[in-house]
Novice: 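This is the structure I want to talk about, given as structure tokens.
Only this structure's heavy atoms are used, side chains among them; waters, hydrogens and symmetry mates stay out. These numbers come from a predicted model, not from an experiment.
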Amino acid sequence: MNPPAEPLIGRATERAALAELLARRRLVTLVGPGGVGKTRLALDAAHGAEPPGLFVDLGAAEDVVGALAAITRALGVEDPTAESVAERGQLVGEALRARGPNLLVCDNLEQVLPLAGWLVRWLSAAPELTILATSRAPLAVSMEAILEIGPMSSADARALFAARASGRAPADDAAVDALLDRLDRVPLAIELAAARTRFLAPTALLERLDAGQVGLGRGAWRDRPARQADLAASFAWSWRLLTADARVDLTRCAVFRGPFDLDAALAVLGDDGLDGLAALLDQSLVRRVGPERFALFGIVRDFARAEGEPAVMREAAARHRAWYVAEGRRRAAEAHGADGEAACAWLLDAQANIVTAIRDALEADAPDEAADGLRALRPLLYTGAIDPAYRPLLDRACASASALAVGWARCLRGELARHRGRLRAAEADLEAASRVADDPGLVATAHAELGIVAHELGDLERAAEHHRAALAGFEAIDDARGVGRAQGSIAITRHARGFADEARDAYEQALDTLAAAGDRRSGAIFTSNLGDLHLESGRLGEAEACYEDARRTLAALGDRRIAAAITGNLGGVLLAEGEAQQAIARRQEAVEALTAAGDHRLAAVFRGYLGLSRHVAGDLEAACDDYAAAERVLAERGDRRHGGVFAAHRAAALAARGDIDGATEALAEAEAVLAVLDEPAARAVPAIQRGHLHLARGDRAAAEACLTTGGDEGEDQQMARKLLRAALGEHEAPTPPSRLRVASDGQWFDAPGSGRVDLGRRFVLHRLLTALVELRLRSPGAGIDLHGLLEAGWPGERMSHASGANRVYVAVATLRKEGLGDVLLKRPAGYMLDPTLAIDVAEPSAA
């Protein structure tokens with residue numbers, strides 16, 4: 001045979017797999033949809049065979065008689081006297097046996113599948129014969145080996161596009177890749193698209209394809225059979241070969257966008273869906289993309305939507321919408337719990353289909369169903385992987401006639417805006433959602449989000465009001481997860497106002513509530529907040545343990561945004577340990593991940609903390625650049641608290657560089673921004689950093705006086721004091737080792753810095769303290785969970801979970817207030833005494 005006019009581009013993996021099969025199997029079928037490149041791969045195999053194979057195109061044959069005629073012509077053994085099918089088949093077998101070792105390629109066998117029986121007979125008659133067939137469906141004979149041909153690899157697709165563009169390939173690789181993905185990297189579609197680059201850039205071609213304004217359909221190649229000349233002809237060929245039932249099933253499958261699982265397929269296809277799906281798989285019109293997961297090539301879907309009956313499509317769309325909305329809501333309810341990782345993975349995989357269901361619901365004038373679909377995708381707001389179509393769908397839902405749908409759409413739009421750092425826009429939508437009185441759950445959710453926005457805007461009093469309203473709302477509808485989140489949010493406001501002990505107790509109460517509710521995600525976030533408290537108290541090991549536990553959980557749930565922020569928090573631990581360069585690396589990683597997730601406000605926050613890390617490392621110029629860049633974004637996003645703090649840090653760096661005017665201006669800016677905030681810890685930062693300005697002016701005494709400003713809450717205040725001490729040449733005094741003396745029956749203890757504390761006749765506290773001490777001595781680092789503390793403190797008593805949690809909460813808070821505040825810890829494993837603490841157990845009567 002003559003060599004192909006052009007060399008085969010790419011397909012190294014498929015060529016190797018085909019060569020391996022042909023070396024050990026005598027009947028191999030290349031299976032795949034039209035345009036995927038089966039014929040071109042078969043031609044390459046035939047040309048490379050020794051001796052070269054015999055290639056026979058059966059595309060024009062309408063039955064076995066026609067196919068046998070084509071093969072006898074190719075073999076040159078036509079015999080006018082051979083009239084019956086049996087005679088012609090026997091003639092071919094004899095000719096093939098006479099050729100000896102040989103490869104016969106039968107191209108386009110899908111329309112003459114009964115010929116498969118003759119292939120088997122010929123292989124028996126000609127022991128040295130190998131047959132390679134191409135077909136859109138398997139031949140279904142026992143000796144057949146099947147090689148499925150799918151999309152090209154990304155690299156091969158780019159190479160084919162460049163070759164067929166005839167020197168017109170554009171330099172915009174991203175646009176080309178997007179176009180190739182839209183075409184499912186199917187060779188025929190790539191070649192046709194490349195030909196269009198004479199007058200359309202890839203971006204314009206992609207837009208027109210998505211809008212249905214341009215096809216890849218009409219007669220692009222005059223030197224190919226009609227069925228291979230363009231996509232329309234290729235799929236019309238496949239459509240003609242389908243039964244009426246299979247056409248209906250393919251039309252129904254055309255409602256799917258992206259991959260779909262077996263349950264979804266059966267919901268859309270109906271009672272006989274399994275048989276229908278199997279038939280479409282056999283015809284290579286549906287392809288497997290994983291265990292019980294399927295997909296259509298986009299170009300197959302487009303053809304089926306155009307050719308299928310509109311009534312069938314409408315019915316399928318209604319089934320598709322109902323199933324994805326219901327299943328999406330079910331999975332969303334699981335997204336924060338023990339099965340959260342699997343639920344989030346399912347939602348991410350099904351996102352394109354849920355977006356399609358939402359769009360269909362809006363077009364069908366079913367806004368409440370659309371709102372349910374929008375709520376189903378809510379967990380993906382946390383992952384940063386939300387579909388770009390989500391925001392426009394929220395806008396459309398906000399314009400509907402249903403007050404409830406509008407309320408949820410505005411709530412979700414506000415939450416999305418908050419995640420992207422647009423706080424004022426978020427506030428407006430959430431305020432509107434909070435006034436929809438018909439849904440208490442919506443109102444409580446809106447208040448919870450408004451509390452977060454108010455906090456980020458620096459209004460802690462208003463934040464606390466919203467969180468209290470959210471708590472009351474969630475308690476009224478018995479929403480344990482909502483209650484736990486509100487408790488944790490209240491703890492955050494107490495933390496920000498410097499009430500560390502109250503904040504810690506409230507965090508732990510929230511963690512117990514959330515654990516009982518099975519909300520792993522919210523529990524991880526508040527565990528991270530508890531880590532912040534440990535960091536500020538100098539308990540670096542406790543802080544690191546909380547951060548790492550929270551980051552693992554959030555990463556498993558797909559929450560890349562908060563996991564990235566916790567990576568930045570770990571940089572704070574490293575900075576406190578004196579590892580400035582490692583802290584810089586962690587915070588740089590956080591900035592990049594948050595930027596990729598689309599949260600520019602939070603990315604700016606960690607850009608500022610990256611500057612702080614560089615400041616501590618002595619790179620003042622880079623620190624000033626980071627501070628200034630962070631301040632610009634935070635001012636745009638309305639985050640006064642962080643913007644003001646970073647301006648104060650920048651003032652210190654400028655003063656250290658000798659820029660007194662710049663430092664004075666930055667300090668005045670910081671004081672003005674922070675003066676209106678109800679955060680004493682933040683307001684103290686510029687007062688401390690003013691010491692650098694005094695030093696730059698030669699007034700050491702005034703600089704030293706700045707060290708005594710404020711308390712010691714928060715990383716910013718602590719790092720400001722550390723920077724000023726370093727500038728003054730001072731070093732922090734080492735912390736003396738801690739030791740706890742406790743009575744063997746828990747009646748009294750002597751904690752570091754508190755002196756002896758007699759617990760009197762408070763027997764519950766005796767028992768709890770004894771259990772904590774025994775576990776600490778037996779297994780340092782192990783914790784007692786809520787159930788274990790209830791058994792230890794109130795043995796044998798039966799009570800509700802809420803009552804028990806409240807008893808433990810009060811008892812732990814009492815022990816801390818009596819003197820164990822710094823050593824009675826809450827870790828993910830439970831409550832424990834500090835593992836680094838030395839403990840002496842004494843007799844109850846010991847002095």
Novice: Just how far is it from atom CG of L380 to atom CD1 of I386, taken to the nearest 0.5 Å?
Specialist: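 Here the rounded value is 5.0 Å.
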Novice: Closest heavy-atom contact between T134 and A42?
Specialist: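 Nearest heavy atoms, T134 then A42: CG2-CB, 3.7 Å.
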Novice: Do L274 and L266 make a side-chain contact, defined as non-hydrogen atoms from C-beta onward lying under 4.5 Å apart?
Specialist: yes
Novice: Listing request: all ring-ring contact (aromatic ring centres under 6.0 Å, His included) pairs with a residue in residues 132-159, at least two apart in sequence or in separate chains.
Specialist: none
Novice: So, applying side-chain contact (heavy atoms from CB on, under 4.5 Å) with L54, which one of L75, V105, I71 is it?
Specialist: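 With L54 as partner, side-chain contact (heavy atoms from CB on, under 4.5 Å) holds for just one option, L75.
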Novice: Got a sec, which residues hit side-chain hydrogen bond (donor to acceptor under 3.5 Å, both in side chains) with E307, two or more places apart in sequence or on another chain?
Specialist: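 Counting only residues at least two positions away or on another chain, E307 forms no side-chain hydrogen bond (donor to acceptor under 3.5 Å, both in side chains).
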Novice: Apply ring-ring contact (aromatic ring centres under 6.0 Å, His included) to F256 and list each qualifying residue two or more places apart in sequence or on a separate chain.
Specialist: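 Once residues adjacent in sequence are excluded, the partners of F256 under the ring-ring contact (aromatic ring centres under 6.0 Å, His included) criterion are F260, H320.
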Novice: Considering residues at least two apart in sequence or located in another chain, which fulfil the side-chain hydrogen bond (donor to acceptor under 3.5 Å, both in side chains) criterion with D261?
Specialist: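 Expected list: W346.
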Novice: List the steps, then state whether side chain to side chain contact (heavy atoms under 4.5 Å, CB included) holds for D387 with L377.
Specialist: CA-CA 9 Å; D387 191 300; L377 289 178; 5.9 Å; no
Novice: Could you list all the salt bridge (charged side-chain N to carboxylate O under 4.0 Å, His left out) pairs where at least one residue sits in residues 274-291, not counting sequence neighbours?
Specialist: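 Listed once each, the pairs would be none.
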Novice: Considering all heavy atoms of both residues, which atom of E110 and which atom of S135 are nearest to each other, and what is their separation?
Specialist: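 Of all heavy-atom pairs spanning E110 and S135, the closest is OE1-CA, 3.2 Å.
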Novice: Side chains of V85 and V65: closer than 4.5 Å at any heavy-atom pair?
Specialist: yes
Novice: With a 4.5 Å heavy-atom cut-off, do L347 and Q351 have their side chains touching?
Specialist: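 Heavy-atom side-chain distance check fails, nothing below 4.5 Å.
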Novice: D63: which residues meet the salt bridge (charged side-chain N to carboxylate O under 4.0 Å, His left out) condition with it, sequence neighbours left out?
Specialist: none
Novice: Scan residues 348-360 for pairs that pass salt bridge (charged side-chain N to carboxylate O under 4.0 Å, His left out), counting only residues two or more places apart or in two chains.
Specialist: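 Non-adjacent pairs meeting salt bridge (charged side-chain N to carboxylate O under 4.0 Å, His left out): R293-D349.
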Novice: Applying side-chain hydrogen bond (donor to acceptor under 3.5 Å, both in side chains), can you list everything that pairs with E327, at least two apart in sequence or on another chain?
Specialist: R330, R331
Novice: If you take all heavy atoms of P259 and Y324, which pair is closest and at what distance?
Specialist: O-OH, 4.4 Å
Novice: Under the salt bridge (charged side-chain N to carboxylate O under 4.0 Å, His left out) test, which residues partner R99, sequence neighbours left out?
Specialist: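 Counting only residues at least two positions away or on another chain, R99 forms no salt bridge (charged side-chain N to carboxylate O under 4.0 Å, His left out).
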Novice: Quick one: does L250's side chain get under 4.5 Å of F303's, heavy atoms only?
Specialist: no
Novice: Restricting to side-chain hydrogen bond (donor to acceptor under 3.5 Å, both in side chains), what partner residues turn up for D372, sequence neighbours left out?
Specialist: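 Applying side-chain hydrogen bond (donor to acceptor under 3.5 Å, both in side chains) to D372 gives R329.
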Novice: Mind checking salt bridge (charged side-chain N to carboxylate O under 4.0 Å, His left out) for R257 and listing every partner two or more places apart, or none if nothing turns up?
Specialist: none
Novice: Can you give me the closest heavy-atom contact between L281 and V286, atom names plus distance?
Specialist: CD2-O, 3.3 Å
Novice: Does some side-chain heavy atom of L123 sit less than 4.5 Å from a side-chain heavy atom of R121?
Specialist: no
Novice: Do D177 and F161 have side chains that approach each other closer than 4.5 Å (heavy atoms only, starting at C-beta)?
Specialist: no
Novice: Taking salt bridge (charged side-chain N to carboxylate O under 4.0 Å, His left out) as the test, write out the residues that go with R11, two or more places apart.
Specialist: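 Only E14 meet the salt bridge (charged side-chain N to carboxylate O under 4.0 Å, His left out) criterion with R11.
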Novice: In the structure I gave you, are the side-chain heavy atoms of L132 and L18 within less than 4.5 Å of one another anywhere?
Specialist: yes
Novice: I9 versus D156: any side-chain heavy-atom pair under 4.5 Å?
Specialist: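 In short, these two side chains do not touch, never coming nearer than 4.5 Å.
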